[in-house]
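See structure below.
In listed order, ligands and their atoms are each counted from 1.
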Amino acid sequence: MIVLKSAREIALMRRGGHILADVIDHLRETVKPGLSTLEIDEDVEAFINARGAQPAFKGYRGFPATVCVSINDEVVHGIPSAHRRVKEGDIVGLDLGCIVEGYYADCAVTLALGDIPPRVRELLDATRESLERAVGECVPGRRLSDVSHAVQSHVEARGFSVVRAFVGHGIGRALHEEPQVPNFGDPGRGPLLQPGMVLAIEPMVTMGSWEVKILDDGWTAVTRDGSLAAHFEHTIAVMEHGPEVLTRK
Ligand code: MG
């Protein structure tokens with residue numbers, strides 16, 4: 001069942017979303033070559049706590065950290081470590097959520113550290129653009145798969161692939177609610193979008209094949225072919241007048 005949110009509930013999610021937007025701005029300034037992924041994680045945890053919110057991922061199904069840090073061929077769910085340092089030329093996926101008064105917000109960004117090849121820049125651009133196109137579909141009267149199709153069509157037209165194994169999701173009093181939001185599919189299918197629906201849309205895009213595998217740590221998803229992957233995510237409320245990106249200020 002898709003739970004519609006009241007204006008009050010959306011306001012709480014907006015508060016959390018704006019905290020996450022501030023975290024992302026902070027990370028753009030602070031994530032530099034040489035930093036360990038654990039240092040990034042501890043910094044974000046302190047930031048979220050200082051704003052009176054709680055990290056959403058820490059302890060979720062046993063995940064040990066506040067941020068998923070996924071580097072290069074890692075698609076999602078990388079575990080921060082004191083022994084892993086980001087370096088010049090890496091693309092670093094940072095996925096994080098927070099809870100405000102019981103309501104969740106969720107977002108992700110992929111940052112490039114220093115110079116990256118033009119085609120890798122295109123990967124990041126295409127992924128971010130596909131998310132923007134998906135946001136544009138979050139209008140009452142559209143159908144859920146219009147969102148999915150917007151991602152897939154944009155990504156594939158640029159010669160990249162959409163990961164199938166992970167999907168976006170409804171969000172609210174739980175981190176993952178119905179409906180699932182795949183990043184692929186034909187348009188015009190699934191539930192009608194209505195005011196009060198809140199979706200976390202999160203395209204995961206690779207330079208090669210869309211197939212992924214999970215590493216022995218039980219969490220980290222990497223591309224099977226070792227190709228680079230990018231991930232962007234926003235939490236979006238469907239409003240009467242159209243989409244509101246709650247994780248953007
Ligand atoms: Mg998510």
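Between Arg143 and Asp146 there is no salt bridge, since no side-chain N of the basic residue sits under 4.0 Å from a carboxylate O of the acidic one. A salt bridge does not link Lys58 to Glu42: none of the charged side-chain nitrogens sits closer than 4.0 Å to a carboxylate oxygen.
For the pair OD2 of Asp106 and OE2 of Glu233, the angle at the Mg ion (ligand 1) is about 80°; rounding is to 10 degrees.
A cation-pi arrangement is not found for Arg173 relative to Tyr104, the charged atom failing to lie both closer than 6.0 Å to the ring centre and inside a 45° cone about the ring normal.
Taking backbone and side-chain atoms together, His169 has an N/O/S atom less than 2.8 Å away from the Mg ion (ligand 1).
Checked against a 6.0 Å centroid threshold, the rings of Tyr60 and His176 count as neighbours.
When the N, O or S atoms of Glu202 are ranked by distance to the Mg ion (ligand 1), OE2 comes first.
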